[in-house]
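Throughout, residue positions are numbered sequentially from 1 according to the sequence presented.
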Amino acid sequence: MNLHVNEMNIQSLILCPTRELAEQVSSELRKLARYRHNVKIVTLCGGTRFVPQCISLEHGAHIVVGTPGRVLQHLGEKTIRFDKIKTVVLDEADRMLDMGFFEDIEKIFGFIPTHHQTLLFSATFPKEIEQMCERVQKDALHVSIDEDTQTDTPSITQLCILVEESHKEEALRGFLLESEAKSVIIFCKTKVGVSELQAYLYDEGFDALSLHGDLEQIDRDEHLLLFANGSAQILVATDLASRGLDIKEVEMVINYDLPQTIEIYTHRIGRTGRMGKEGVAVSFVMPFQKEFVGELERANFTFTCKDASELSPSKTKPSPSLF
(Lines give C-alpha, C1' and ligand atoms only; values in the text may rest on other atoms or scores of the structure.)
Protein backbone atom coordinates (compact mmCIF):
# COMPACT_ATOMS: atom_id res chain seq x y z
CA MET A 1 0.00 0.00 0.00
CA ASN A 2 1.84 3.08 -1.27
CA LEU A 3 0.37 6.19 0.38
CA HIS A 4 1.15 9.75 -0.59
CA VAL A 5 0.62 11.50 2.73
CA ASN A 6 1.07 14.94 1.23
CA GLU A 7 -2.09 14.38 -0.82
CA MET A 8 -5.11 14.59 1.49
CA ASN A 9 -7.45 12.30 -0.45
CA ILE A 10 -8.73 8.75 0.05
CA GLN A 11 -6.21 6.39 -1.52
CA SER A 12 -7.16 3.08 0.13
CA LEU A 13 -10.47 1.46 1.08
CA ILE A 14 -10.83 -1.57 3.37
CA LEU A 15 -14.26 -3.21 3.56
CA CYS A 16 -15.12 -5.47 6.52
CA PRO A 17 -18.29 -7.45 7.30
CA THR A 18 -18.83 -6.11 10.85
CA ARG A 19 -18.26 -2.96 12.84
CA GLU A 20 -16.17 -4.90 15.35
CA LEU A 21 -13.75 -6.11 12.67
CA ALA A 22 -13.58 -2.67 11.03
CA GLU A 23 -12.65 -1.06 14.33
CA GLN A 24 -10.06 -3.75 14.99
CA VAL A 25 -8.51 -3.23 11.55
CA SER A 26 -8.47 0.55 12.08
CA SER A 27 -6.77 0.09 15.43
CA GLU A 28 -4.02 -2.05 13.92
CA LEU A 29 -3.53 0.41 11.06
CA ARG A 30 -3.15 3.28 13.51
CA LYS A 31 -0.42 1.34 15.29
CA LEU A 32 1.42 0.98 11.99
CA ALA A 33 0.76 4.63 11.13
CA ARG A 34 2.87 5.72 14.09
CA TYR A 35 5.88 5.03 11.90
CA ARG A 36 4.54 7.20 9.07
CA HIS A 37 3.86 10.87 9.75
CA ASN A 38 0.40 12.39 9.13
CA VAL A 39 -1.50 9.29 7.98
CA LYS A 40 -5.23 9.80 8.62
CA ILE A 41 -7.54 6.79 8.98
CA VAL A 42 -11.33 7.12 9.14
CA THR A 43 -13.68 4.34 10.23
CA LEU A 44 -17.17 4.28 8.71
CA CYS A 45 -19.58 1.81 10.32
CA GLY A 46 -23.25 1.51 11.07
CA GLY A 47 -24.43 1.69 14.65
CA THR A 48 -22.63 5.01 15.13
CA ARG A 49 -23.73 8.56 14.39
CA PHE A 50 -23.55 9.59 10.74
CA VAL A 51 -22.88 13.33 11.10
CA PRO A 52 -19.57 13.06 13.05
CA GLN A 53 -18.30 10.76 10.30
CA CYS A 54 -19.20 13.42 7.72
CA ILE A 55 -17.30 16.06 9.70
CA SER A 56 -14.26 13.80 9.91
CA LEU A 57 -14.37 13.20 6.15
CA GLU A 58 -14.58 16.94 5.47
CA HIS A 59 -11.06 17.26 6.88
CA GLY A 60 -9.77 14.58 4.50
CA ALA A 61 -8.40 11.07 4.93
CA HIS A 62 -5.88 8.68 3.39
CA ILE A 63 -7.46 5.35 4.37
CA VAL A 64 -11.12 4.48 4.93
CA VAL A 65 -12.07 1.32 6.82
CA GLY A 66 -15.77 0.51 6.87
CA THR A 67 -18.72 -1.78 6.48
CA PRO A 68 -20.34 -1.91 3.01
CA GLY A 69 -23.70 -0.52 4.09
CA ARG A 70 -22.34 2.60 5.78
CA VAL A 71 -19.75 3.24 3.06
CA LEU A 72 -22.50 3.04 0.44
CA GLN A 73 -24.62 5.43 2.50
CA HIS A 74 -21.82 8.01 2.44
CA LEU A 75 -21.44 7.58 -1.31
CA GLY A 76 -25.17 8.10 -1.75
CA GLU A 77 -25.06 11.27 0.37
CA LYS A 78 -21.97 12.44 -1.57
CA THR A 79 -20.01 12.92 1.64
CA ILE A 80 -17.13 10.86 0.29
CA ARG A 81 -15.22 10.51 -3.00
CA PHE A 82 -13.29 7.50 -4.26
CA ASP A 83 -11.87 8.94 -7.48
CA LYS A 84 -8.28 8.79 -6.14
CA ILE A 85 -8.39 5.27 -4.72
CA LYS A 86 -5.43 3.04 -5.60
CA THR A 87 -6.03 0.04 -3.33
CA VAL A 88 -9.19 -1.81 -2.24
CA VAL A 89 -9.17 -4.59 0.37
CA LEU A 90 -12.08 -6.99 0.92
CA ASP A 91 -11.50 -8.53 4.34
CA GLU A 92 -13.31 -11.77 5.20
CA ALA A 93 -15.03 -11.73 1.81
CA ASP A 94 -16.83 -15.03 2.42
CA ARG A 95 -18.42 -13.59 5.55
CA MET A 96 -19.57 -10.50 3.64
CA LEU A 97 -21.21 -12.75 1.07
CA ASP A 98 -22.94 -14.73 3.83
CA MET A 99 -24.29 -11.45 5.22
CA GLY A 100 -25.69 -10.42 1.83
CA PHE A 101 -23.26 -7.60 1.03
CA PHE A 102 -22.40 -8.63 -2.54
CA GLU A 103 -24.79 -6.14 -4.16
CA ASP A 104 -23.50 -3.31 -1.95
CA ILE A 105 -19.90 -4.19 -2.81
CA GLU A 106 -20.69 -4.13 -6.53
CA LYS A 107 -22.27 -0.68 -6.15
CA ILE A 108 -19.22 0.60 -4.25
CA PHE A 109 -16.90 -0.60 -7.00
CA GLY A 110 -18.92 1.52 -9.41
CA PHE A 111 -17.48 4.60 -7.67
CA ILE A 112 -13.85 3.39 -7.80
CA PRO A 113 -11.45 4.10 -10.71
CA THR A 114 -10.79 1.22 -13.09
CA HIS A 115 -7.06 1.23 -12.46
CA HIS A 116 -6.51 0.09 -8.88
CA GLN A 117 -5.35 -2.97 -6.95
CA THR A 118 -7.92 -5.22 -5.26
CA LEU A 119 -6.91 -7.57 -2.44
CA LEU A 120 -9.47 -10.16 -1.38
CA PHE A 121 -9.09 -12.22 1.81
CA SER A 122 -11.33 -15.20 2.43
CA ALA A 123 -11.11 -18.12 4.84
CA THR A 124 -13.02 -20.29 2.38
CA PHE A 125 -13.13 -20.26 -1.42
CA PRO A 126 -16.57 -21.42 -2.58
CA LYS A 127 -17.94 -20.82 -6.06
CA GLU A 128 -19.53 -17.55 -4.92
CA ILE A 129 -16.11 -16.18 -3.97
CA GLU A 130 -14.74 -17.22 -7.36
CA GLN A 131 -17.58 -15.27 -8.98
CA MET A 132 -16.81 -12.24 -6.83
CA CYS A 133 -13.14 -12.42 -7.81
CA GLU A 134 -14.10 -12.45 -11.47
CA ARG A 135 -16.29 -9.37 -10.97
CA VAL A 136 -13.87 -7.21 -8.95
CA GLN A 137 -10.41 -8.47 -9.93
CA LYS A 138 -8.40 -8.88 -13.11
CA ASP A 139 -5.64 -11.45 -13.59
CA ALA A 140 -5.74 -12.21 -9.86
CA LEU A 141 -2.95 -14.17 -8.18
CA HIS A 142 -4.47 -16.84 -5.92
CA VAL A 143 -2.46 -17.54 -2.75
CA SER A 144 -3.63 -20.14 -0.23
CA ILE A 145 -2.46 -21.30 3.19
CA ASP A 146 -1.69 -25.00 3.50
CA GLU A 147 -4.63 -26.89 5.01
CA ASP A 148 -2.42 -28.59 7.57
CA THR A 149 -1.46 -25.17 8.89
CA GLN A 150 -5.09 -24.16 9.24
CA THR A 151 -6.08 -27.15 11.34
CA ASP A 152 -2.96 -27.42 13.48
CA THR A 153 -4.24 -26.69 17.01
CA PRO A 154 -1.67 -28.19 19.43
CA SER A 155 -2.60 -25.84 22.30
CA ILE A 156 -6.34 -26.69 22.23
CA THR A 157 -7.77 -29.72 24.01
CA GLN A 158 -10.83 -30.86 22.07
CA LEU A 159 -13.66 -32.68 23.80
CA CYS A 160 -16.72 -34.30 22.24
CA ILE A 161 -19.81 -34.82 24.45
CA LEU A 162 -22.38 -37.27 23.11
CA VAL A 163 -25.90 -36.16 24.03
CA GLU A 164 -29.53 -36.49 23.00
CA GLU A 165 -31.15 -33.22 21.88
CA SER A 166 -33.70 -33.29 24.71
CA HIS A 167 -30.86 -33.40 27.28
CA LYS A 168 -28.55 -30.72 25.79
CA GLU A 169 -29.46 -27.90 28.17
CA GLU A 170 -29.08 -30.11 31.24
CA ALA A 171 -25.80 -31.52 29.92
CA LEU A 172 -24.44 -28.02 29.30
CA ARG A 173 -25.43 -26.92 32.77
CA GLY A 174 -23.73 -29.94 34.30
CA PHE A 175 -20.59 -29.38 32.26
CA LEU A 176 -20.36 -25.71 33.21
CA LEU A 177 -20.72 -26.62 36.88
CA GLU A 178 -17.82 -29.06 36.56
CA SER A 179 -15.64 -26.69 34.60
CA GLU A 180 -13.34 -24.13 36.19
CA ALA A 181 -13.08 -21.92 33.10
CA LYS A 182 -13.57 -18.23 33.85
CA SER A 183 -14.23 -17.14 30.25
CA VAL A 184 -16.40 -19.24 27.93
CA ILE A 185 -17.86 -18.55 24.48
CA ILE A 186 -20.83 -20.77 23.61
CA PHE A 187 -21.79 -20.94 19.93
CA CYS A 188 -25.34 -21.49 18.70
CA LYS A 189 -26.45 -21.60 15.06
CA THR A 190 -29.34 -19.09 15.26
CA LYS A 191 -30.12 -15.76 16.93
CA VAL A 192 -33.21 -17.28 18.55
CA GLY A 193 -31.12 -20.15 19.87
CA VAL A 194 -28.65 -17.69 21.37
CA SER A 195 -31.40 -15.73 23.12
CA GLU A 196 -33.09 -18.83 24.51
CA LEU A 197 -29.87 -20.43 25.76
CA GLN A 198 -28.64 -17.19 27.33
CA ALA A 199 -31.97 -16.80 29.16
CA TYR A 200 -31.80 -20.42 30.37
CA LEU A 201 -28.25 -20.05 31.68
CA TYR A 202 -29.04 -16.73 33.34
CA ASP A 203 -32.05 -18.29 35.10
CA GLU A 204 -29.75 -21.11 36.27
CA GLY A 205 -27.47 -18.61 37.96
CA PHE A 206 -24.70 -18.21 35.37
CA ASP A 207 -23.28 -14.82 34.38
CA ALA A 208 -24.21 -15.17 30.72
CA LEU A 209 -24.55 -12.50 28.03
CA SER A 210 -25.63 -12.80 24.39
CA LEU A 211 -24.15 -11.62 21.11
CA HIS A 212 -25.95 -11.74 17.76
CA GLY A 213 -26.77 -9.53 14.81
CA ASP A 214 -30.21 -8.39 16.03
CA LEU A 215 -28.79 -6.68 19.12
CA GLU A 216 -28.45 -2.92 19.00
CA GLN A 217 -24.84 -1.87 18.47
CA ILE A 218 -24.66 -0.22 21.89
CA ASP A 219 -25.73 -3.53 23.49
CA ARG A 220 -23.21 -5.52 21.44
CA ASP A 221 -20.43 -3.18 22.52
CA GLU A 222 -21.49 -3.36 26.17
CA HIS A 223 -21.72 -7.18 26.18
CA LEU A 224 -18.31 -7.52 24.53
CA LEU A 225 -16.77 -5.13 27.05
CA LEU A 226 -18.29 -6.93 30.03
CA PHE A 227 -17.11 -10.29 28.73
CA ALA A 228 -13.65 -9.04 27.79
CA ASN A 229 -13.02 -7.44 31.20
CA GLY A 230 -14.19 -10.51 33.09
CA SER A 231 -17.44 -9.06 34.45
CA ALA A 232 -19.37 -11.86 32.74
CA GLN A 233 -18.14 -15.46 32.57
CA ILE A 234 -20.11 -16.62 29.53
CA LEU A 235 -20.84 -15.15 26.10
CA VAL A 236 -23.52 -17.01 24.11
CA ALA A 237 -23.12 -16.07 20.46
CA THR A 238 -23.78 -16.80 16.83
CA ASP A 239 -20.83 -17.05 14.45
CA LEU A 240 -20.65 -13.26 14.70
CA ALA A 241 -18.11 -13.99 17.45
CA SER A 242 -16.11 -16.60 15.54
CA ARG A 243 -14.11 -14.02 13.56
CA GLY A 244 -13.18 -10.39 13.69
CA LEU A 245 -13.51 -9.82 17.44
CA ASP A 246 -10.53 -8.85 19.55
CA ILE A 247 -11.32 -10.98 22.61
CA LYS A 248 -8.20 -12.12 24.44
CA GLU A 249 -7.69 -15.02 26.85
CA VAL A 250 -10.84 -17.04 26.18
CA GLU A 251 -10.30 -20.22 28.19
CA MET A 252 -13.00 -22.34 26.60
CA VAL A 253 -15.16 -22.51 23.48
CA ILE A 254 -18.31 -24.64 23.45
CA ASN A 255 -20.06 -25.67 20.25
CA TYR A 256 -23.54 -26.05 21.67
CA ASP A 257 -24.71 -26.33 18.07
CA LEU A 258 -22.19 -27.88 15.71
CA PRO A 259 -21.15 -25.70 12.75
CA GLN A 260 -21.92 -26.79 9.21
CA THR A 261 -18.35 -26.76 7.92
CA ILE A 262 -14.84 -27.60 9.04
CA GLU A 263 -13.76 -24.03 8.26
CA ILE A 264 -16.31 -22.55 10.67
CA TYR A 265 -15.28 -25.09 13.32
CA THR A 266 -11.68 -23.96 12.88
CA HIS A 267 -12.61 -20.31 13.33
CA ARG A 268 -14.75 -21.02 16.38
CA ILE A 269 -12.20 -23.00 18.34
CA GLY A 270 -9.53 -20.54 17.27
CA ARG A 271 -11.02 -18.08 19.77
CA THR A 272 -9.22 -20.03 22.51
CA GLY A 273 -5.64 -21.28 22.89
CA ARG A 274 -4.14 -17.98 21.72
CA MET A 275 -0.87 -16.23 22.46
CA GLY A 276 0.80 -19.50 23.45
CA LYS A 277 -1.82 -20.32 26.10
CA GLU A 278 -3.77 -23.55 26.36
CA GLY A 279 -7.47 -23.68 25.59
CA VAL A 280 -10.38 -26.09 25.59
CA ALA A 281 -12.91 -26.64 22.78
CA VAL A 282 -16.04 -28.65 23.61
CA SER A 283 -18.59 -29.89 21.07
CA PHE A 284 -22.04 -31.24 21.95
CA VAL A 285 -22.74 -33.99 19.44
CA MET A 286 -26.08 -35.65 18.86
CA PRO A 287 -26.15 -39.22 17.50
CA PHE A 288 -26.90 -38.20 13.90
CA GLN A 289 -23.93 -35.78 13.94
CA LYS A 290 -21.21 -38.35 14.59
CA GLU A 291 -20.26 -38.38 10.91
CA PHE A 292 -19.24 -34.72 11.13
CA VAL A 293 -16.93 -35.56 14.01
CA GLY A 294 -15.44 -38.23 11.76
CA GLU A 295 -14.84 -35.58 9.07
CA LEU A 296 -13.06 -33.41 11.64
CA GLU A 297 -10.88 -36.32 12.71
CA ARG A 298 -9.97 -37.02 9.09
CA ALA A 299 -8.96 -33.35 8.89
CA ASN A 300 -6.42 -33.99 11.70
CA PHE A 301 -8.51 -32.78 14.65
CA THR A 302 -8.14 -35.02 17.71
CA PHE A 303 -11.00 -35.55 20.19
CA THR A 304 -11.60 -37.09 23.57
CA CYS A 305 -15.21 -38.29 23.73
CA LYS A 306 -17.48 -38.49 26.77
CA ASP A 307 -21.12 -39.36 27.25
CA ALA A 308 -23.41 -36.69 28.69
CA SER A 309 -24.43 -39.12 31.44
CA GLU A 310 -20.95 -38.69 32.93
CA LEU A 311 -21.70 -35.04 33.72
CA SER A 312 -23.00 -34.28 37.18
CA PRO A 313 -26.43 -32.57 37.23
CA SER A 314 -25.80 -31.44 40.82
CA LYS A 315 -26.33 -27.74 41.46
CA THR A 316 -24.74 -27.75 44.88
CA LYS A 317 -20.96 -28.04 44.89
CA PRO A 318 -19.27 -28.18 41.47
CA SER A 319 -17.24 -31.30 40.79
CA PRO A 320 -13.50 -31.00 39.97
CA SER A 321 -12.77 -29.75 36.48
CA LEU A 322 -12.72 -32.33 33.71
CA PHE A 323 -9.39 -30.79 32.72
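- Here the side chain of Ser155 pairs a donor or acceptor atom with the backbone of Gly273 at under 3.5 angstrom.
- Here Ile218 sits alone; no ILVMFWY side chain lies under 4.5 Å from its own, so it joins no hydrophobic cluster.
- For Phe121, the side-chain contact (heavy atoms from CB on, under 4.5 Å) partners at least two apart in sequence or on another chain are Val89, Asp91, Leu119.
- Between the side chains of Thr48 and Gln53, at least one donor N or O sits under 3.5 Å from an acceptor N or O.
- The number of heavy atoms from other shown groups lying within 6.0 Å of NZ (Lys189) does not exceed 12.
- Residues meeting the side-chain contact (heavy atoms from CB on, under 4.5 Å) test with Glu58, sequence neighbours left out: none.
- Cluster membership for Leu21 and Leu215, using ILVMFWY side-chain heavy atoms within less than 4.5 angstrom, is not shared.
- Shown here are the ring-ring contact (aromatic ring centres under 6.0 Å, His included) partners of Phe50, two or more places apart in sequence or in another chain: His74.
- For Leu225, the side-chain contact (heavy atoms from CB on, under 4.5 Å) criterion is met by Asn229, not counting sequence neighbours.
- Taking all atoms of both residues into account, the shortest heavy-atom contact from Ala308 to Ala171 is CB-CB, 4.0 Å.
- Residues satisfying the side chain to side chain donor-acceptor pair (under 3.5 Å) criterion with Ser27, sequence neighbours excluded, are absent altogether.
- Distance check, rounded to the nearest 0.5 Å: CD of Glu92 to CG of Leu120 gives 11.5 Å.
- Tyr202 and Leu224 are members of different hydrophobic clusters when ILVMFWY side chains are connected at heavy-atom separations under 4.5 Å.
- Glu170 places no side-chain N or O within 3.5 Å of a backbone atom of Ser166 that could act as its donor or acceptor partner.
- Within a 6.0 Å radius of NZ in Lys40, more than 12 heavy atoms belonging to other residues, nucleotides or ligands are found.
- Here the options are Val293, Ile161, Asn255, Val163, the test is side-chain contact (heavy atoms from CB on, under 4.5 Å), and the partner is Val285; only Val293 passes.
- Among residues two or more places apart in sequence or in another chain, the salt bridge (Lys or Arg N to Asp or Glu O under 4.0 Å) test is passed with Glu106 by Arg135.
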- Under the side-chain contact (heavy atoms from CB on, under 4.5 Å) rule, what do His62 and Ile41 come out as? Steps first, then yes or no, please. CA-CA 6 Å; His62 297 105; Ile41 302 160; over 6 Å; no
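- Cluster annotation: Val250 and Leu226 are assigned to the same hydrophobic cluster (Ile/Leu/Val/Met/Phe/Trp/Tyr, side-chain heavy-atom contacts under 4.5 Å, transitive).
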- Item | Pair Lys290-Glu297, salt bridge (Lys or Arg N to Asp or Glu O under 4.0 Å): steps then yes or no | CA-CA 11 Å; Lys290 290 182 181 180; Glu297 289 177 327; over 6 Å; no
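- The salt bridge (Lys or Arg N to Asp or Glu O under 4.0 Å) search around Lys277 returns Glu249, not counting sequence neighbours.
- Summarising the geometry, atom CG belonging to Leu258 is positioned 8.0 Å from atom SG belonging to Cys160; distances are rounded to the nearest 0.5 Å.
- Tyr256 and Glu169 are not linked by any side-chain donor-acceptor pair at a separation below 3.5 angstrom, with hydrogens and angles left out of the test.
- For the pair Ser231 (side chain) and Phe227 (backbone), a donor-acceptor distance under 3.5 Å is absent.
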- Task: Run the numbers on Thr238 and Leu211 for side-chain contact (heavy atoms from CB on, under 4.5 Å), then give the verdict.
- Result: CA-CA 7 Å; Thr238 59; Leu211 183 69; over 6 Å; no
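- Salt-bridge check for Lys31 with Glu28: passed, with a basic side-chain N closer than 4.0 Å to an acidic carboxylate O.
- For Glu77, the salt bridge (Lys or Arg N to Asp or Glu O under 4.0 Å) criterion is met by no residue, not counting sequence neighbours.
- Cluster note: Met8 groups with no other residue, as no ILVMFWY side-chain heavy atom lies under 4.5 Å from it.
- For the residue pair His4 and Lys86, a side-chain donor N or O sits within less than 3.5 Å of a side-chain acceptor on the partner.
- In this structure, Ile262 and Ala299 approach most closely via the heavy-atom pair CD1-CB, 4.0 Å.
- Considering only heavy atoms from C-beta on, Ile80 comes within 4.5 Å of Ile10 through its side chain.
- Residues meeting the salt bridge (Lys or Arg N to Asp or Glu O under 4.0 Å) test with Asp104, sequence neighbours left out: none.
- Side-chain contact of Thr118 with His116: a donor-acceptor pair under 3.5 Å is present, judged by distance alone.
- The shortest side-chain heavy-atom distance between Pro259 and Phe187 does not fall under the 4.5 Å cut-off.
- Of the inter-residue distances, the one linking Ser283 atom OG with Phe292 atom CZ reads 8.0 Å to the nearest 0.5 angstrom.
- Residue-environment remark: CD (Glu165) stays at or below the threshold of 12 foreign heavy atoms within 6.0 Å.
- The number of heavy atoms from other shown groups lying within 6.0 Å of CD (Glu130) is above 12.
- Cluster partners of Met286, using a side-chain heavy-atom cutoff of under 4.5 Å among ILVMFWY residues and allowing indirect links, are Phe288.
- Annotation for Ala93 and Met132: closest pair CB-SD, 4.2 Å, computed over non-hydrogen atoms.
- Close placement of the Tyr265 and Phe301 rings is indicated, their centers lying within 6.0 Å of each other.
- Closest of all the heavy-atom pairs between Leu197 and Cys188 is CD2-SG, 3.6 Å.
- A salt bridge links Glu103 with Lys107: the closest approach of a Lys/Arg side-chain nitrogen to an acidic carboxylate oxygen falls below 4.0 angstrom.
- To the nearest 0.5 Å, atom CG of residue Leu201 and atom CD of residue Glu196 are 12.0 Å apart.
- Ion pairing of Glu23 with Arg19 is present here, as a side-chain N (NZ or NE/NH1/NH2) and a carboxylate O approach within less than 4.0 Å.
- Put simply, Leu15 and Ile112 are part of the same group of oily side chains (I, L, V, M, F, W, Y) that touch within less than 4.5 Å, one to the next.
- Smallest separation of non-hydrogen atoms from Cys45 and Gly66: SG-CA, 4.5 Å.
- The two residues Ala232 and Leu209 have their closest heavy-atom pair at CB-CD1, 3.5 Å.
- The CD atom of Gln198 sits 8.5 Å away from atom NE2 of His212, with the distance rounded to the nearest 0.5 Å.
- For Arg36 (side chain) and Leu3 (main-chain N/O), a donor-acceptor pair under 3.5 Å exists by modelled atom type.
- Residue Val5 is grouped with residue Leu29 when hydrophobic side chains (ILVMFWY) are merged at heavy-atom distances under 4.5 angstrom, including chains of intermediate members.
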- Where do Leu172 and Ile186 land on the side-chain contact (heavy atoms from CB on, under 4.5 Å) test, with the steps shown first? CA-CA 10 Å; Leu172 176 64; Ile186 302 176; 4.2 Å; yes
- Would you check, one step at a time, whether the test side-chain contact (heavy atoms from CB on, under 4.5 Å) holds for Val280 with Glu251? CA-CA 6 Å; Val280 177; Glu251 296 181 24; over 6 Å; no
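- A distance of 10.5 Å separates CG in Leu72 from CZ in Phe101, rounded to the nearest 0.5 Å.
- Taking 4.0 Å as the cut-off between side-chain N and carboxylate O, Lys168 and Asp257 count as a salt-bridged pair.
- The environment of Gln260 atom CD is sparse: at most 12 non-hydrogen atoms of other residues, nucleotides or ligands sit within 6.0 angstrom.
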